[in-house]
Q: 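Would you mind keeping the following structure in view while I ask a few things?
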Amino acid sequence: MHNKILIPAGYCYALTCSIFSCIAFILIYILRDFEGVVYVSRDLLFIYVTLSIIMLKKHTRWMSSIMLFICTFMIFYLSRPIASIFDESYIRDSNKYVFYTFSDNTISTIFCFFGISISSVIIGYIVSYYRYPLMNIGIPYKLPNTIKNRNLHRLIKYVICLTIPGTIYKSLFDLYLIYQYGYMILYMELPEIAPSWARISWGGFSILFPMLLIFCNNKKSFKKLAYFYFTINLVSFIKGTRGELILPIIFFMWFYYNNFSSKDISVKKISYIIIAIALVASTMLLTRGSKFSFDIIIIIEMLFLTQGVQYVFMGNYIDYHNQFALKTHWYILYPLLAQILWFFNPLYSEGKSASLAKETLSLDDQVMFATNQDAYYNGAGYGSSYIAELDALGGIPAIIIGSLILGYLINWFEAKYKTNKYLVLLSWFWIPSLVWKPRGNYIPSIFIPILSVLLFWAFDKLNSLYSRQRINIFNTIKHELY
């Protein structure tokens, strides 16, 4: 007989609460034109998210995938709504690239989309947990310590070392461009490009580095790996691209607490980390011409409000979607096509233009071109939103189904990734993509992850062939001698 897997009580309460909340947000969406619905939808969203965190936290960790997703969901989507408790202008004003006042209908729609999505994600997560409960927390994936695997590890390290000079040179070159032309030059047609050998090395490092996670099976090797990564990318962090620093930090924290710690991170440490990230993010903004503040409260406030700009993006998307240069349901496919088209369609490598806006599936491009073309041509943008992509695909039914699938995958990956070396490798791409998803695309970019998996497979096969050849030669010599 199979042992039944019992869902923890906290998860049962969260599941029930999520189902009723999803239905409530759908009803509110239908009634969104009535007076006062804005405040009802906002307050219900706050109450639901708070209760969900309390119920889920009883049986999971802060450094679990689902809690990371909920926390970044709150930062990117709910920072401004939370601030609106003290100043209503935070939810009323579109004040980023186009300036006007959101209607009650638009605000209610935003809150309903947020509520429907997060409740569906949690439903999908709990359903997945029933089939794939989380096991072996604090125990890492361990590749057998054989001569063959040690040789494979050594081979990968040697090849990565070959990419280091070019990677550092590429970062220095980008830093030079920023100080010559300003930060936004990275999002425009580049007046100069780094040498081919440097760009190939940089791409090679991005593809090869995740392979080292497969051999990271103790705290000592983990610390060496983290120090190595941040040392090599130190120059890249100075450029001012906050995600390039913050996302790896979050990944290494997640990897450590899932593989090498039986305890969860404390709230005290989380507070220190938030303050540290806020300070670093504020410092990195100096490369964009911003002023630095020494007031910790102001720094943290600015971090949350600047990251919470996706609320404004959602409002602009809702109000301007009929004015997009390219009207389609398939913006969700942008990450699958963008990197391929970059090689074959010159428009994608020549910077922002009206011609690009008429062809690209990027929601960021469409919203920016519709709201502020001058800022669009200068490389400005919001990022995207997985909720907006799902809405464009098929409205509320697509938001529900897409969010259910996302929640299911969040648990499935965390429950399964330690069972397969390729999933360990892919965790390097999955966790940052998940954390960034409220500000990014529903479908993550798969070009580099696929190359990384295929290259590791090739290294593994070549190493196996080499190992067999050595064994055959050794056996032949042994036979001749004896």
Side-chain angles (χ1 to χ4, degrees), residues 8-11 13-14 46-83 85-86 118 122 125 134 136-140 216 218-227 229-230 237 242-285 292-308 410 414 427 431-432 434-436 438-439:
Y11 280 13
Y13 298 145
F46 292 166
I47 293 169
Y48 168 70
V49 172
T50 302
L51 288 176
S52 295
I53 291 174
I54 292 171
M55 289 183 285
L56 291 174
K57 184 60 185 69
K58 290 181 178 180
H59 306 286
T60 190
R61 296 174 159 206
W62 288 116
M63 280 295 118
S64 65
S65 298
I66 187 63
M67 295 304 285
L68 286 175
F69 176 80
I70 293 174
C71 289
T72 53
F73 185 97
M74 292 178 66
I75 291 172
F76 291 131
Y77 285 147
L78 302 186
S79 294
R80 294 195 176 214
I82 291 171
I85 296 173
F86 310 100
I118 191 63
I122 292 175
Y125 174 83
L134 299 180
N136 300 324
I137 295 175
I139 301 174
C216 185
N218 56 62
K219 289 183 181 181
K220 184 178 179 181
S221 62
F222 168 80
K223 290 178 181 178
K224 287 181 179 179
L225 190 62
Y227 290 146
Y229 179 83
F230 287 113
F237 302 147
R242 290 168 292 181
E244 290 188 11
L245 172 62
I246 295 173
L247 292 178
I249 289 175
I250 293 174
F251 171 81
F252 281 117
M253 289 171 59
W254 171 84
F255 195 83
Y256 175 82
Y257 280 99
N258 271 269
N259 289 277
F260 308 115
S261 177
S262 58
K263 298 179 181 179
D264 193 13
I265 189 172
S266 66
V267 176
K268 185 178 180 181
K269 282 186 179 179
I270 292 175
S271 302
Y272 289 152
I273 290 168
I274 291 174
I275 293 172
I277 289 175
L279 284 168
V280 172
S282 182
T283 304
M284 294 174 77
L285 286 176
F292 183 82
S293 172
F294 291 96
D295 189 321
I296 296 296
I297 303 299
I298 292 176
I299 288 173
I300 294 175
E301 179 185 12
M302 289 307 299
L303 174 69
F304 280 87
L305 293 182
T306 53
Q307 297 307 314
I410 289 173
E414 194 154 79
S427 68
I431 295 300
L434 180 65
V435 169
W436 199 251
R439 197 174 180 178

Q: Check for a donor-acceptor pair, side chain of R61 on one end and backbone N or O of M67 on the other, with a separation under 3.5 Å.
A: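 No; zero donor-acceptor contacts below 3.5 Å.
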
Q: Using the rule given for side-chain contact (heavy atoms from CB on, under 4.5 Å), can you reason through V435 versus I246, listing the C-alpha separation, both sets of side-chain angles and the distance that settles it, and then say yes or no?
A: CA-CA 10 Å; V435 169; I246 295 173; over 6 Å; no

Q: Taking the side chain as everything from C-beta on, heavy atoms only, tell me whether K58 gets closer than 4.5 Å to Y11.
A: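 No, too far: nothing below the 4.5 Å cut-off.
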
Q: Can any side-chain N or O of T60 pair as donor or acceptor with the backbone N or O of L56 at less than 3.5 Å?
A: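 Absent.
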
Q: To the nearest 0.5 Å, what is the distance between CD1 (I249) and OH (Y229)?
A: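 Result: 10.0 Å between the selected atoms.
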
Q: Is the ring centre of W436 less than 6.0 Å from the ring centre of F76?
A: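 Yes: the rings meet the under 6.0 Å criterion.
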
Q: Are the side chains of F46 and I85 in contact, using a 4.5 Å heavy-atom criterion?
A: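 With C-beta onward as the side chain, the pair touches.
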
Q: Under 6.0 Å between the ring centres of Y125 and F69?
A: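 Centroid separation for Y125 and F69: 6.0 Å or greater.
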
Q: What heavy-atom pair brings S427 and P432 nearest, and what distance separates the two atoms?
A: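 So the two residues come closest at O-CD, 4.0 Å.
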
Q: Is the distance between the ring centroids of F251 and F255 under 6.0 Å?
A: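 Yes; F255 has its ring centre under 6.0 Å from that of F251.
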
Q: Would you call D264 and K269 a salt bridge, using N to O less than 4.0 angstrom?
A: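 Between K269 and D264 there is no salt bridge, as every charged N stays at least 4.0 Å from the carboxylate O atoms.
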
Q: Within the distance-only criterion (no hydrogens, no angle test), does the side chain of Y77 pair as donor or acceptor with the backbone N or O of P438 below 3.5 angstrom?
A: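 Side chain of Y77 to backbone of P438, a donor-acceptor pair under 3.5 Å: yes, one is there.
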
Q: Quick check: does any side chain N or O of S221 sit under 3.5 Å from a backbone N or O of N218, one acting as donor and the other as acceptor?
A: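 A pair under 3.5 Å: yes.
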
Q: Can you measure from SG (C71) to CG (L78) and round to the nearest 0.5 angstrom?
A: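 Nearest 0.5 Å value for the SG-CG distance: 11.0 Å.
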
Q: Report yes or no: does N258 contribute a side-chain atom to a donor-acceptor pair with the main-chain N or O of M63 at less than 3.5 Å?
A: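 Indeed, once roles are kept as given, a pair shorter than 3.5 Å links the two residues.
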
Q: How long is the straight-line distance from CZ of F230 back to CG of L225, given to the nearest 0.5 Å?
A: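 L225 atom CG to F230 atom CZ measures 10.0 Å (nearest 0.5 Å).
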
Q: Is the shortest side-chain heavy-atom distance between C216 and F260 below 4.5 Å?
A: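 The answer is yes, as the side chains (C-beta and beyond) meet within the 4.5 Å cut-off.
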
Q: Hey, could you give me the CD1/CE distance between I270 and M253, rounded to the nearest 0.5 Å?
A: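 The CD1 atom of I270 sits 7.0 Å away from the CE atom of M253.
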
Q: With I53 as reference, evaluate L51, T50, V49 under the side chain to side chain contact (heavy atoms under 4.5 Å, CB included) test and give the passing residue.
A: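 Result for side chain to side chain contact (heavy atoms under 4.5 Å, CB included) with I53: V49.
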
Q: Going through the distances and angles, do K219 and Y256 end up as a side-chain contact (heavy atoms from CB on, under 4.5 Å)?
A: CA-CA 8 Å; K219 289 183 181 181; Y256 175 82; 3.6 Å; yes

Q: CH2/W62 to CD1/I265 distance, rounded to the nearest 0.5 angstrom?
A: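 With rounding to 0.5 Å, CH2 (W62) is 10.5 Å from CD1 (I265).
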
Q: Around atom OH of Y13, are there more than 12 heavy atoms of other residues, nucleotides or ligands at under 6.0 Å?
A: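 No, the 6.0 Å shell around OH holds no more than 12 heavy atoms from other groups.
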
Q: Take I122 and Y48 through the side-chain contact (heavy atoms from CB on, under 4.5 Å) test and state the conclusion after the steps.
A: CA-CA 11 Å; I122 292 175; Y48 168 70; 3.3 Å; yes

Q: How many angstroms lie between atom OG of S52 and atom CD1 of I70, to the nearest 0.5 angstrom?
A: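 That separation rounds to 6.5 Å.
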
Q: Given side chains that start at C-beta, do those of L434 and W254 come closer than 4.5 Å, heavy atoms only?
A: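 The answer is no; the side chains never approach within 4.5 Å.
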
Q: side-chain contact (heavy atoms from CB on, under 4.5 Å) between E414 and I410: does it pass, once the steps are laid out?
A: CA-CA 7 Å; E414 194 154 79; I410 289 173; over 6 Å; no

